[in-house]
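Inspection log for the structure reproduced underneath, given as structure tokens.
Since we're looking at a predicted model, the values are computed, not measured. Proteins get letters first, then strands, A, B, ... in listed order; numbering begins at 1 in each.
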There are 2 protein chains.
Amino acid sequence: MDVETKTVRRRAAAPSPVDAVDRKLLGLLAEDATRSYAELGLLLNLSPPAVHERAKRLRRDGVIRATIAALDGPAIGRALTAFVHVDTTGWGKSGAMLALRDLPAVEEMHSVAGDACMILKVRVPDTRALEDLLAQVYAVPGVKGTRSYIALNTYLERGPRP
Amino acid sequence: MDVETKTVRRRAAAPSPVDAVDRKLLGLLAEDATRSYAELGLLLNLSPPAVHERAKRLRRDGVIRATIAALDGPAIGRALTAFVHVDTTGWGKSGAMLALRDLPAVEEMHSVAGDACMILKVRVPDTRALEDLLAQVYAVPGVKGTRSYIALNTYLERGPRP
DNA sequence: AATATTGCCGAACGATATTCGGCATACAGG
DNA sequence: CCTGTATGCCGAATATCGTTCGGCAATATT
């Protein structure tokens, strides 16, 4: 019974460790997730089903969070990227603050250690729209100030690589 | 001749405008790029080949920059996300600065208007690794200071949505 | 030493991607 | 207003890929 319980627990809860082949696969998929398992197999010296099995496990274990289309900001009417540092009285993480996540212009929200409380990464059509967004940030109770850093140019923008 | 030249130029160079159906498609793909054209067709009231044609055009025109696997930072050994503001003497955009893009820990690099010159978004295993990375930033000629904002928690992290 | 587990592969099957011809609609030019 | 061109859509067909499965080998566990 103990053994069985242990086995059940181990099988259900413990994700497999990520090995070197996994890392290479993850690197390839982080770069381009449209590659076929045949192509990936050639690059990893594995057969397509073997790659498929690994990818399946990496998705199941949450190492691959999602497969998404990365869009071009300007092409979809969001040419202005900015980082907004939000200072709040007290802790800052409130329902109203978290509700800002529902705004399409807000792409990232991090609580930080430092001389700000929250950092938002936002993407809007223009400075007018940034101002409108800031108005919504100021409407959150407890917000006492913001500092905006408008990206003039972007030299790199990608997600994590292993 | 004029007409022909105009036609050739229009066909080759002008990306099609992005219409409302395109925007909906982009939203679906930005959220989950593994959906089949059959599924997308149901959601958009189009046939699979019609969706396929639109997606192909959006990729060709660069509206969809790439299709990528979004990885979980902690799962690949990068549990610490930070934003590093880099102050430089003079303009800041130099070969050495841009070379920081080659570091796997550096995910974003933006030149900004404000009281910093460059903002880097970085992801590293731990504070020790952040320190090592900062050492490499300081090694860039012209860098006179940095301010790091360590993300304590991340409440939202995604790319652009139309 | 025996058994169980894990990972890989070839083959097969199911599902999807992609192409193509035809049709309808909209727009531009005469 | 008429004609021609361009564009987008669809059904059907074809090509390609994803996924499953049984078998095998290596490793780990008992």
Side-chain angles (χ1 to χ4, degrees), chain A residues 1-61 63-64 66-70 75 162, chain B residues 1-64 66-69 75 162:
Chain A
M1 170 158 341
D2 284 339
V3 171
E4 188 160 356
T5 300
K6 262 195 270 179
T7 300
V8 169
R9 258 204 271 119
R10 182 150 39 81
R11 198 183 280 132
S16 307
V18 174
D19 68 12
V21 175
D22 285 337
R23 288 181 186 282
K24 191 171 174 182
L25 172 59
L26 290 166
L28 292 170
L29 292 174
E31 191 176 278
D32 181 3
T34 65
R35 294 174 156 112
S36 65
Y37 289 119
E39 183 183 354
L40 292 165
L42 288 174
L43 296 167
L44 298 167
N45 287 322
L46 289 175
S47 69
V51 180
H52 180 265
E53 194 66 21
R54 283 177 178 265
K56 186 170 152 186
R57 174 169 46 79
L58 291 167
R59 283 192 287 271
R60 183 196 68 213
D61 293 344
V63 182
I64 295 175
T67 298
I68 58 161
Chain B
M1 170 159 340
D2 285 339
V3 171
E4 190 160 353
T5 298
K6 262 197 269 180
T7 300
V8 168
R9 258 204 272 119
R10 182 149 41 84
R11 200 183 278 129
S16 307
V18 174
D19 66 15
V21 176
D22 285 338
R23 287 181 186 285
K24 192 172 175 182
L25 172 59
L26 290 166
L28 293 170
L29 292 175
E31 188 177 283
D32 181 2
T34 65
R35 294 173 156 113
S36 66
Y37 289 120
E39 184 184 350
L40 292 165
L42 290 172
L43 297 166
L44 297 168
N45 285 324
L46 291 174
S47 69
V51 181
H52 179 266
E53 194 66 21
R54 283 178 178 264
K56 186 171 153 186
R57 173 169 46 79
L58 291 167
R59 280 193 288 272
R60 182 195 69 211
D61 293 346
V63 182
I64 297 176
T67 300
I68 58 160

Would you find a donor on one side and an acceptor on the other, under 3.5 Å apart, between the side chain of A:R54 and the backbone of A:L25?
no
Please confirm whether the backbone N or O of A:V21 pairs with a side-chain atom of A:D19, one donor and one acceptor, at under 3.5 Å?
yes
Measure across B:A69 and A:I64 and return the closest heavy-atom pair with its distance rounded to 0.1 Å.
CB-CG2, 4.1 Å
Residues B:P17 and B:D22: closest non-hydrogen pair is O-OD2, 3.8 Å
Where A:G27 and A:P162 come nearest, the two heavy atoms and their spacing
N-CG, 3.6 Å
Ignoring backbone atoms, establish whether A:R54 has a side-chain N or O less than 4.0 Å from OP1 or OP2 of C:dC8.
yes
Please state how far atom CD in A:E39 lies from atom P in D:dG18, giving the value in whole angstrom units.
10 Å
Sorted by number, the residues of residues 18-32 of chain B with heavy-atom contact under 4.0 Å to DNA chain C
none
Measure CZ/A:R57 against C1'/D:dT19 and give the value in whole Å, please.
17 Å
When every nucleotide of nucleotides 16-23 of chain C is labelled 5' to 3' by its protein contacts under 4.0 Å (heavy atoms), B for base, S for sugar-phosphate only, - for none, what sequence of letters results?
SSSB----
Can you check side chain to side chain contact (heavy atoms under 4.5 Å, CB included) on A:L44 and A:L28, steps first, answer last?
CA-CA 10 Å; A:L44 298 167; A:L28 292 170; 4.1 Å; yes
Mind checking whether B:L29 and B:L58 have side chains closer than 4.5 Å, heavy atoms only?
no
Measure the OG1-CZ distance between B:T34 and A:R59 for me, rounded to the nearest 0.5 Å.
8.0 Å
For the helix from C:dA1-D:dT30 to C:dG30-D:dC1, how many degrees between its two end axes (five pairs per end), to the nearest 10°?
40°
Heavy-atom distance under 4.5 Å between the side chains of A:V18 and A:L26, does that happen here?
yes
Minimum heavy-atom separation for B:A38 and B:P48, please, with both atom names.
CA-CG, 3.9 Å
